[in-house]
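Comments concern the structure below.
These numbers come from the heavy atoms of this one structure, side chains and all, not from hydrogens, waters or symmetry mates. Letters go in sequence order (proteins before strands), and every chain restarts at 1. Values in this document were obtained by computation on a predicted structure and should not be read as measured data.
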There are 2 protein chains.
Amino acid sequence: MAETTDTGLPRAVAIAWGMQEAPQRGPNRGLSHERIVAAAIQIADAEGLAAVTMQAVAKSLGFTTMSLYRYVSSKDELLRLMQDAAITLPEKVKLPGDWRDALRAWAGIVRDAYRAHPWTLDLPRGPIAVLMPNNVRAADLGLAAMKDLPLPDDEKIGVILVISQHVGASVELEQNLAAEGAVAIPDEGAQLLNEVITPARFPHLAPVMESGNYIPDDSPVVEAEDGIDPEYDLGLDLIISGLEVMEKQKAGHESSSGM
Amino acid sequence: MAETTDTGLPRAVAIAWGMQEAPQRGPNRGLSHERIVAAAIQIADAEGLAAVTMQAVAKSLGFTTMSLYRYVSSKDELLRLMQDAAITLPEKVKLPGDWRDALRAWAGIVRDAYRAHPWTLDLPRGPIAVLMPNNVRAADLGLAAMKDLPLPDDEKIGVILVISQHVGASVELEQNLAAEGAVAIPDEGAQLLNEVITPARFPHLAPVMESGNYIPDDSPVVEAEDGIDPEYDLGLDLIISGLEVMEKQKAGHESSSGM
DNA sequence: GCTTATCTGCGTATCGCATAAACAGAGTAT
DNA sequence: ATACTCTGTTTATGCGATACGCAGATAAGC
């Protein structure tokens, strides 16, 4: 049950949108939502989400732990604010005219945003997150990319969801592989695995593993800077390719039959 | 750094595959990995992942907290074991012959597995998870579904990844919406949102929201039992549609030119 | 200008949880 | 039998979130 304000909105949403009139009677405030969130994000970037404790955030600001609670009603609320604040899209974005290129560009932007603060992916993306400013902006941009694609609005929203999820999941995977990658399977381990992953038990997978097409121990895992992530590209290609088919069907129906 | 065994494999992997010889000198064991994991899963199912504490698990088994550590080296390891044990696929699966139908069926099976224990989605899916038995089995099944699809092995693995991620993300979304759905936006909240989501700031999204095509306050959010989840279907359709295009390209090259 | 209702930041205190450490008794190999 | 290895337990530690109450700051209303 997310805390709600007198506005009926979850407090985090109200704060993120800048509603939430500051009180006037008392002393001047020494802190602000912005500073707190910024400090928390800095810690998360540097030491991971687990290092974000109320104590750590407070200390990095030179305040006591409890002072934070004057601004944020719970750690959960802080996390929500961080999530939104961290996923910032570039100010001005020029999307290509062709919707295919535009969608790819949009996906790239979203991917960069996630990559800049991968820990956001560890936070739940629920209906509250959807209402946050940067999410709304991302959705708007996504719609912009598809403006020339003849699809009903709700399907466009669906496409945005599907692509966001794909991008998010890809970055998460990439991150997990990179993180624990070092611990990957040493040779002895691979030996043992071959004993259990037998053709008898896994007729389709076993051959693939033996032929070494799948994560050969030295792992082809992403090391490149920009974007040589085959899984990301494959998924995006498939989706866009699928959209092209839909577009053609649509066009076919709207004109007369086939071209 | 996930704890490794003398085998070089993460201990969780060794345990899950049933390697890990039980000691022989001491007294008989009163517990087993299986019972512990089963108890933990039961708690997670009933009260959520947060309710899974070492204390709770131990108590439900009638043992003390610390006794668990004789079987599991850390809570993290227990969570990994739970994740694998919870995602069980049906024993015998008959996949349709057509790869499109087979992939859809496979996706459905995976979806059902996630839905049965949604909390598994809150755990990180890293390289360790990939090596666990049920994941391997799922991959094998996925390959089986694509056996008649003319694609290189690594791309098939890619497709499996893409679809799993899509399914996982969809179930997670569905779950989050259902969970916090009750807290959704009351009318006053929607009012306020309309004040910030203006056509000026969000030229593409604002019209959509006004036309009510997007989560109209009473929310068309999934309530149906089986599968009226438009986002899930849309994504799967797009991917499969994209695969059809690839298939045709492949076929075109292999025979001569076009059909 | 005073009084008062509000606020602010802070110290203190509680509670839940993961996990280290050390111990007594149970079995087994020799 | 005897020593060695395990088992389950008890006890203790440390961390993190957060409820509570206090003293000083400050603006609103008289």
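- Spacing between atom CD of B:E21 and atom P of D:dC6 amounts to 11 Å, rounded to whole angstrom units.
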Would you check, one step at a time, whether the test side chain to side chain donor-acceptor pair (under 3.5 Å) holds for A:Q20 with A:R11?
CA-CA 8 Å; A:Q20 191 84 165; A:R11 195 177 289 269; 3.2 Å; yes
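- The side chain of B:P23 approaches D:dT7 more closely than any other nucleotide in the set D:dT7, D:dT10, D:dA17.
- For the pair B:N28 and B:M66, both in contact range of DNA chain C, the more 5′-proximal nearest nucleotide belongs to B:M66.
- In this structure, B:T53 reaches the sugar-phosphate backbone alone: every heavy-atom distance under 4.0 Å involves primed, P, OP1 or OP2 atoms, never a base.
- Considering only side-chain N and O atoms, B:S67 lies nowhere under 4.0 angstrom from the phosphate OP1 or OP2 of D:dG8.
- One finds a side-chain N or O of B:R29 lying less than 4.0 angstrom from the OP1 or OP2 phosphate oxygen of D:dT7.
- Distance CG (B:L31) to P (D:dC6): 18 Å, rounded to an integer number of Å.
- Side-chain atoms of A:H117 never come within 3.5 Å of backbone atoms of A:I87 as a donor-acceptor pair (strictly under, hydrogens ignored).
- With distances taken from any side-chain atom of B:K75 to the nucleotides C:dT19, D:dC6, D:dT10, the minimum falls on C:dT19.
- Atom CZ in B:R25 sits about 11 Å away from atom C1' in C:dG27, given to the nearest Å.
- The nearest whole Å value for the distance from the CG atom in A:L78 to the P atom in D:dT18 is 10 Å.
- D:dA19 atom P lies 10 Å from atom CE of A:M54, rounded to whole Å.
- Proximity of A:Q55 to the phosphate of D:dA17: a side-chain N or O atom is located under 4.0 Å from OP1 or OP2.
- When the P atom of D:dT11 is taken as reference, atom OH of B:Y69 falls 18 Å away, rounded to whole Å.
- Taking a cutoff of 4.0 Å between a charged side-chain nitrogen and a carboxylate oxygen, B:R80 and B:D76 qualify as a salt bridge.
- Between B:H166 and B:Y232, the ring planes lie parallel to each other; the angle is under 30°, not in the 30° to 60° tilted range.
- A:L68 places its CG atom 14 Å from the P atom of D:dA19, with the value rounded to the nearest Å.
- For the pair A:Y71 and C:dG9, the criterion of a side-chain N or O lying under 4.0 Å from OP1 or OP2 is met.
- If you find the closest nucleotide of DNA chain D to B:Q24 and to B:F63, the one lying nearer the 5' end belongs to B:Q24.
- A donor-acceptor contact under 3.5 angstrom links the side-chain atoms of B:R70 to the base of D:dG8.
- Between the side chain of A:W119 and the main chain of A:E47, no donor-acceptor pair closer than 3.5 Å is present.
- Each of A:T65 and B:T65 was matched to the nucleotide of DNA chain D holding its nearest heavy atom; the match closer to the 5' end belongs to B:T65.
- Counting to the nearest Å, the P atom of D:dT9 and the CG atom of B:L61 are 11 Å from each other.
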